[in-house]
Structures are given as C-alpha cells and as structure tokens.
There are 2 protein chains.
Amino acid sequence: MDTKSLIIDTATNLFQQKGYKSVGLNEILKACKVTKGALYYHFPNGKEELLITCLQALNEAITTDIEDMFRGHLSAKEATQAILVKLIHNLETEGTIIGYTFSSIVSEMATVSEPVRKACSALYENIQHIYTEKFVSEGFSNESASDIALLMTASIEGAMMLCLTQKSTDPLRTIAKLLPNIIKAF
Amino acid sequence: MDTKSLIIDTATNLFQQKGYKSVGLNEILKACKVTKGALYYHFPNGKEELLITCLQALNEAITTDIEDMFRGHLSAKEATQAILVKLIHNLETEGTIIGYTFSSIVSEMATVSEPVRKACSALYENIQHIYTEKFVSEGFSNESASDIALLMTASIEGAMMLCLTQKSTDPLRTIAKLLPNIIKAF
DNA sequence: GTCTATAAGCAGATAGAC
DNA sequence: GTCTATCTGCTTATAGAC
C-alpha cells in the first residue's frame, strides 16, 4: 500500500470515529507512521483537502460495498438486513463507528465548510440513490422508493448516534427489527 | 438574565450548531459580550464543564417543551407532527440546528469524553421516555411504544443531519409525512 | 463578580536538507 | 518522496487588579 492510500485510510477511520477537529494531524501521522513532510507532499492544501479526499474515497468504498450486497441478495429487504448486520458487527468488534456512517463529520463541518458539506451531501445522495433504485426495481413507485431510502438512511444514521451514546448496539438492532415491517407496510 | 445563564444560552446554541471543538471560548464570549474572567468564575473547570452544564440545561428545556406539546395535543400522532413542524420551522428561520437535536456534540464527543457521553445519553433517554409513555397511554404495548420512540428519535436525528448537508428541510418533511403512517401500522 | 494581561501548549503549516 | 526543525497563530487556562 502506497503512502497516500495509507494516510487516507488511517485518516478516514479517525475522522469517522472522532470527527474532524478532534483529530490532530500528528495523531494521524503517528497512527500510520508517516511524517509531516510526506503528508504535505500528497496534500499540499492541508487537512481539509485530506478530509475531502477521505470522503471521496469513502464514497467509492460504500458504493461498491452496498451495490455488492444488493446484487448478492434477492430482495431489498434482505439486503437491508445484511447491511444492518454488518454495521452492528463492525460496531461490536471495533467499538466505534466504522462503516457507512460519517455523522461525526457532517454535523461538525456542514455549517463550517462548504466543500466538505458538498462532499457529504454527495455521499448521502449516492447511498439513497442505490437504495431507491433497488426498491423501484422491486415494483415500488418512485416516490415510495425514495421515501423508504430516506427513512432508512436517516434512521440508521440516527441509530448509530444512539448506539454511540449508549455504548450499545441495541438501537441499531431495534431499527433492524423494525425496517422490514415498515418496508412491508408500504 | 444573569451572566451565567447568558453564557449557557449562547454556548448551547453555538455547540448545537457547530459542535464542541469548533467553537472557541472567545467566540462564545464575544457572542454574549462576557469576559474570560467571568466565564472562569462560573465554570472553574473550563470548557468541558460548560458543555456539560449546557447539555443539562438542554435536557430540562427539551423535556418541558415536549411534555407541553404532548399535553396540548390529543394524540401522540398529532404531537409528533407538531414537534416536526417546530423543528422544520426552526431550521428554516435560523438556517442551522436549534431544537431537540445535538448530534453535532454526540458524534464528536461520545468517543472522547465519558462525562459528556453520559450527559448526551441521559438526554436521548429522556426524550424517548416521554415518547414511550405517551404511546403506552394510548394503548400501545410497552415494546411497541419504546420501539416507535426509538425510531422517531433516530429518524428525526438522522433527517436533521441530511437537512444540514442538503441545506434543505425536505428530509425532515419526508419524515414528518411518513411517521404517522408508520405509527398507524403498528 | 468582573476585568485585562499573560502564560503555556498545541494546532496546522512551511522551509530546506537529503 | 520523505525527513526534521521551525514558525505562526490560536486555544484553553491563570494571575492579579479592581
């Protein structure tokens, strides 16, 4: 793995866990054993450029990941379940946020930096788009499909936050239990 | 309004909007025209003590506010609607997060400071508890009631985040449209 | 209780050698 | 491409006058 990818990988994890401001450049550098000189060679515009690159990388990773899951499962309902199982598993093994969530970054930066806000927006849009398409392909109307996609995205993101505060995976488990019934009700 | 309350009020708004780390002490002080000496007189342990006090104040404010709304409306469904209308209105007039949401603080601090995490946890629990009781009083089973309360809390919090990234109130409006049907389906 | 001045430390960023 | 040393500015926090 080359230096640039290594930095992006390490930084992405830390940003997802602690947000943007809380993570110092030195912390990232120490975690991946790279020096400041190397970082500024790859990201001449500094920390914010690194963050945006991380968000773009995350976007690609999430997209292919979710698309794979949707290909591998027959119904959208099953795929939804699979996604939640994965998130819960990640949270349990890592103890922190790793996965399709970046609320820490959004809430902190959306009102502060416009480029970051746009990168986050693109990410959410992307995720919802994948969900929506899947539901449409299963016969849902366009409106219903995008409504469910929004509800899924929002409730998962919110549940993640609740899990963090409670230090428990219960909120996500409850959402996992409810979503299939809600989808069925549509 | 006394100095201490003024500081708490100003700081709470700023923390809700921008998170914890992004808001400097000087920014708070300037916004409420108070000096550093006064702040450290009222909060000898500094910024984190101030944050926790803010969260406690927020807890009380939210509790009485939601309880009032639940008293003023006949059904939980109507009350839910009223809460969402208020949140949407706040978001539109202020352009930023003000209200029953503090995701910015949670996501940034939950993994970093244990006292802050606990304060946030208490807040969420409180909100969900009020929702749950209302639903139980309307004949829902204990399990259904707390499930709905969780879904409400999570989806509202998540939708708030989507609103921030999109600079739009649409996500909250969609949630407002969906929640009543979901409640009915239970 | 409130003020100003100042300390101490850390952040992000740069310069220049290799 | 990567290294270390260094700069600048800002942050939280303190001291001591009023």
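Everything numeric in this text was worked out from a predicted model, so none of it was measured. The chains referred to below are lettered A, B, ... by the order of the sequence lines, with proteins before strands, and numbering in each begins at 1.
Tyr40(B) places its OH atom 18 Å from the P atom of dA5(C), with the value rounded to the nearest Å. The interatomic distance linking Lys30(B) (NZ) with dC10(D) (P) rounds to 12 Å, in whole Å. The NZ-P distance, from Lys47(B) to dC10(D), rounds to 15 Å in whole Å. Note: CZ (Phe43(B)) to C1' (dT14(D)) measures 18 Å, nearest angstrom. In this structure, CG of Leu50(B) is placed 15 Å from C1' of dT11(D), rounded to the nearest angstrom. Taking atom NZ on Lys21(A) and atom P on dC10(C), their separation rounds to 19 Å, with Å as the unit. Atom pair Leu39(A):CG and dG1(D):P shows a separation of 14 Å (rounding to whole Å applied).
Put simply, Ile175(B) and Ile98(B) are part of two different groups of oily side chains (I, L, V, M, F, W, Y) that touch within less than 4.5 Å, one to the next.
Remark: Asn26(A) is not in phosphate contact with dC10(C), judged by side-chain N or O atoms under 4.0 Å from OP1 or OP2.
Taking both residues in full, the closest heavy atoms of His42(B) and Glu49(B) are given as O-OE2, 4.4 Å, listed atom of the first, atom of the second, then distance.
Looking only at side-chain heavy atoms (C-beta outward), Ile52(B) and Phe43(B) stay at 4.5 Å or farther from each other. At least one side-chain heavy atom of Glu138(A) sits less than 4.5 Å from a side-chain heavy atom of Ser75(A). In this structure the side chain of Asp147(A) never reaches within 4.5 angstrom of the side chain of Phe140(A), judged on heavy atoms.
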Original post:
Can you give one letter per nucleotide of nucleotides 2-9 of chain D, going 5' to 3': B for a protein heavy atom under 4.0 Å from the base, S for sugar-phosphate only, - for none?
Top reply: BBB-----
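Under a 4.0 Å N-O distance rule, the pair Arg117(A)/Glu114(A) qualifies as a salt bridge.
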